[in-house]
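In what follows, a single structure is set out as C-alpha cells and then discussed.
We name chains A, B, ... by the order of the sequence lines, and we start the count at 1 in each one.
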Amino acid sequence: MSWGFLHHLLSGVNKYSTGIGRIWVAVVCIFRLLVYIAVAENIWKHEQDEFECNIKQPGCENVCFDHFFPISHIRLWALQLILVSTPSLLVVFHVAYRENHPNQKLYKAPGWLDGGLLCTYLISLVLKTAFEVVFLFLFYKLYDGFKVPSLVKCDLRPCPSAVDCYISKPTEKMILLYFLVATSCLCIVLNLSELGYVMFKYSVKCYLKRYAKKRQ
Amino acid sequence: MDWGALHTILGGVNKHSTSIGKIWLTVLFIFRIMILVVAAERVWGDEQDDFVCNTLQPGCKNVCYDHFFPISHIRLWALQLIFVSTPALLVAMHVAYRRHEKKRQFRKGDQKCEYKDIEEIRKQRFRIEGSLWWTYTSSIFFRLVFEAVFMYAFYFMYDGFRMPRLMKCNAWPCPNTVDCFVSRPTEKTVFTIFMIAVSSICILLNVAELCYLLTKFFLRRSKKAGNPKHHPNHENKEESKQNEMNELISDSCQNTVIGFSS
C-alpha cells in the first residue's frame, strides 16, 4: 500500500468525471501527489534531527520540537491528500452498486450523469471542497499563517530558561507550503466551477424537458 | 505515484508528437529524470548533514545553510521537470476531447463518421493541424517559458552555476564571520553543469520544433492560397501516402525508444 494506490484510485474515477473533473485529477496527481513524493518528503525527512536548540539540557529539544510541531507539515499534507481524494470513491461505489443490482437503472454510457449518480457526484464535490478549506484553515491556525520561522524561542520544562531553537531549511519549507496553498486554492476553484457547471447543465436539461412536455 | 507514472502519462502523448517532440521526450526521461533519480539525488542526499561550519555555536549551521540554499538544487530540478512536462498534458486533453466527440458521433450513428468501431477511434493517431496545431504550439511555448524561468532562477539564486567549496557566513547567532564548507562541491558542480547543458539542449529542441511547426503552417497556407482548385482524390492519395510514411517513421522511433529504455 503506497501512494500508487491513490493514483490508481484517482485514475479510475476519471471515467465518471466531467472535463473539469479530469483537470482536477491531473492537478492532484501531478502538482500535489508527485510534488509531495518527489520534492516535499525529502525536505522534511530529518526535521527533528536537524532541529537544534542552544542548550545542552537533555529533553529540552524534544519538548520544544513537540510544542512547535504538534503535527508536522508533511503529515498534515499527506492527510489532506488522502481525505481530499476519497469523496471520489462515493461515485465509484454508486456505479458499482448499480452495476451489481440488475433491477436498478443502468447508465446509458460511462460518464453519463443523471438522477442518483448526479446527487452523489455533487455531494462528492461539496465534500472535497470542504476538506480542502478545513485543512487550509488547520494549517493557518496551527502554524500561525503559512510562514516557517528560522528561530523560535522556547521556555518549557525541562529547558532552564527561554532557549533559542533553530528550524532546519525554513525558506525551502515555506516555498513548498506556499506551493501547497496555491494548488489547494486551484483545486477549490476547480471544484466550485465544476459544481456550478454540473448544476447549470442539469437545470438547463430539466427546463428543456419541461418546455418540451408543455409543448406536447 | 512517481516518475514512472509521469512517464506513462507522457508516453501516451508521444503518439501525437512530431519526431522532434519524440526526441525531446527521450532526452527528458533518459538524460534528466533518470540522472536525477539515479545519481543526483545521492550526491545531494547528505547536503545538510555534511555541511560543516567552523563553530560550535548551536543554530549557526542551520541558519547559514538556509541562507546559502533557500531552495536546494535537487528540489529546483524536480520542480523544473514537473513544470516542463505538464504542458504536454494540454495536448493529451485535446486529443481525449476529440476522441470523445468522435465516439459520441459514432454512438449517434452519424453517417459522416468513417470509423467501424470504437477501438479504431481509440487507436487513431490525429494529425497536428487545425486547433490541435494551436494547442501543440502553445504547449511548446509554455515548455520554453518554464525552462527559461527555471534556468534564470538557478543563475540568480546561486550566482552562476558553480558550487563554491567555502562560504563565509555572519548571520545571527553565528558569533562572527564563520567559514562553512559545502559537501562534495566538485561533484555538485559537475552535475549542475550537466543538467544545465541538457536543459539547453531541450530548449534548442523545443525551438527547432516550434520553427518546424511554423514553417509547415506557412507552407500549407501558401499552398492553399496558390492552388485554390485542387484535385481532391490526387491530394488525398498523396496525403495518405505521407501519412503511411509518417506512421512508419513514428512507429520505428517508438520501437527504438521502447527498446532503449527497456
Side-chain angles (χ1 to χ4, degrees), chain A residues 2-11 14 19 22-23 25-43 45-47 49-56 61 81 108-111 148-152 163-176 179, chain B residues 1-6 8-10 33 36-37 41 44-49 51 56-83 85-86 88-90 92-94 96-97 100 103-104 106-107 118 153 157 171-174:
Chain A
S2 68
W3 291 110
F5 175 74
L6 195 72
H7 175 239
H8 184 72
L9 181 90
L10 287 172
S11 312
N14 230 357
R22 285 174 194 166
I23 297 173
V25 171
V27 166
V28 169
C29 282
I30 293 175
F31 289 106
R32 295 178 79 176
L33 204 49
L34 184 60
V35 167
Y36 174 91
I37 294 168
V39 183
E41 261 186 345
N42 291 328
I43 299 175
K45 210 176 193 177
H46 300 292
E47 56 172 336
D49 294 336
E50 291 162 359
F51 181 79
E52 214 176 348
C53 291
N54 189 4
I55 188 93
K56 280 196 172 178
E61 259 181 29
L81 279 173
K108 289 180 197 175
V148 181
S150 53
L151 161 73
V152 287
V163 150
D164 292 335
C165 292
Y166 302 91
I167 296 169
S168 71
K169 309 188 208 182
T171 312
E172 207 163 4
K173 286 176 180 170
M174 198 169 68
I175 292 172
L176 263 296
F179 188 83
Chain B
M1 180 75 190
D2 57 1
W3 295 110
L6 191 70
T8 318
I9 295 169
L10 293 182
I33 294 179
L36 181 86
V37 168
E41 274 186 352
W44 269 267
D46 53 6
E47 57 175 327
Q48 191 169 350
D49 295 336
F51 181 80
L56 283 175
Q57 170 64 46
C60 179
K61 182 176 114 164
N62 276 14
V63 162
C64 291
Y65 181 85
D66 183 62
H67 175 76
F68 289 112
F69 301 105
I71 178 163
S72 169
H73 289 76
I74 201 93
R75 252 77 67 181
L76 217 47
W77 281 328
L79 283 173
Q80 180 183 15
L81 287 170
I82 291 169
F83 275 90
S85 314
T86 40
L89 285 180
L90 290 174
M93 283 181 198
H94 191 135
Y97 171 74
H100 175 76
K103 278 184 192 167
R104 222 163 42 137
F106 180 79
R107 282 200 195 101
I118 287 210
M157 259 196 264
W172 193 80
C174 305

Do you know the tightest heavy-atom contact between [X] and [Y]?
X        : Y        : result
A:Glu52  : B:Gly59  : OE1-N, 3.5 Å
B:Pro173 : A:Tyr166 : CG-OH, 2.8 Å
B:Trp172 : A:Leu151 : CZ3-CD2, 3.5 Å

Is chain A contacted by the side chain of B:Ile71, its backbone, both, or neither, given a heavy-atom distance below 4.5 Å?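 Both backbone and side chain.
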
Side chain / backbone / both / neither for A:Tyr36 at chain B, heavy atoms under 4.5 Å: neither

Can you say whether A:Cys53 sits under 4.5 Å from chain B via the side chain, the backbone, both, or neither, judging by heavy atoms?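 The backbone, not the side chain.
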
Gap between atom [atom2] of [Y] and atom [atom1] of [X] - 0.5 Å precision:
X        : Y        : atom1 : atom2 : result
A:Ile30  : B:Leu89  : CD1   : CG    : 4.0 Å
A:Ile37  : B:Trp3   : CD1   : CH2   : 10.5 Å
B:Arg75  : A:Leu176 : CZ    : CG    : 8.5 Å
A:Asp49  : B:Asp49  : CG    : CG    : 8.0 Å
A:Glu172 : B:Tyr65  : CD    : OH    : 6.0 Å

If you count heavy-atom pairs within less than 4.5 Å of chain A, which of B:Ser72, B:Pro70, B:Ala92, B:Ala78 leads?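 Looking at each of B:Ser72, B:Pro70, B:Ala92, B:Ala78 in turn, B:Pro70 comes out on top.
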
Please test A:Glu50 against B:Gln48 for side-chain contact (heavy atoms from CB on, under 4.5 Å), starting from the C-alpha separation and ending with a verdict. CA-CA 9 Å; A:Glu50 291 162 359; B:Gln48 191 169 350; 3.3 Å; yes

Looking at A:Asn54 and B:Pro58, would you say the former's side chain and the latter's main chain have a donor-acceptor pair under 3.5 Å? no

When you look at CZ of A:Phe179, are more than 12 heavy atoms from neighbouring residues, nucleotides or ligands closer to it than 6.0 Å? yes

Most chain B-contacting option - heavy-atom pairs closer than 4.5 Å, from A:Ile23, A:Asn42, A:Ile43: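 The residue among A:Ile23, A:Asn42, A:Ile43 with the greatest pair count is A:Ile43.
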
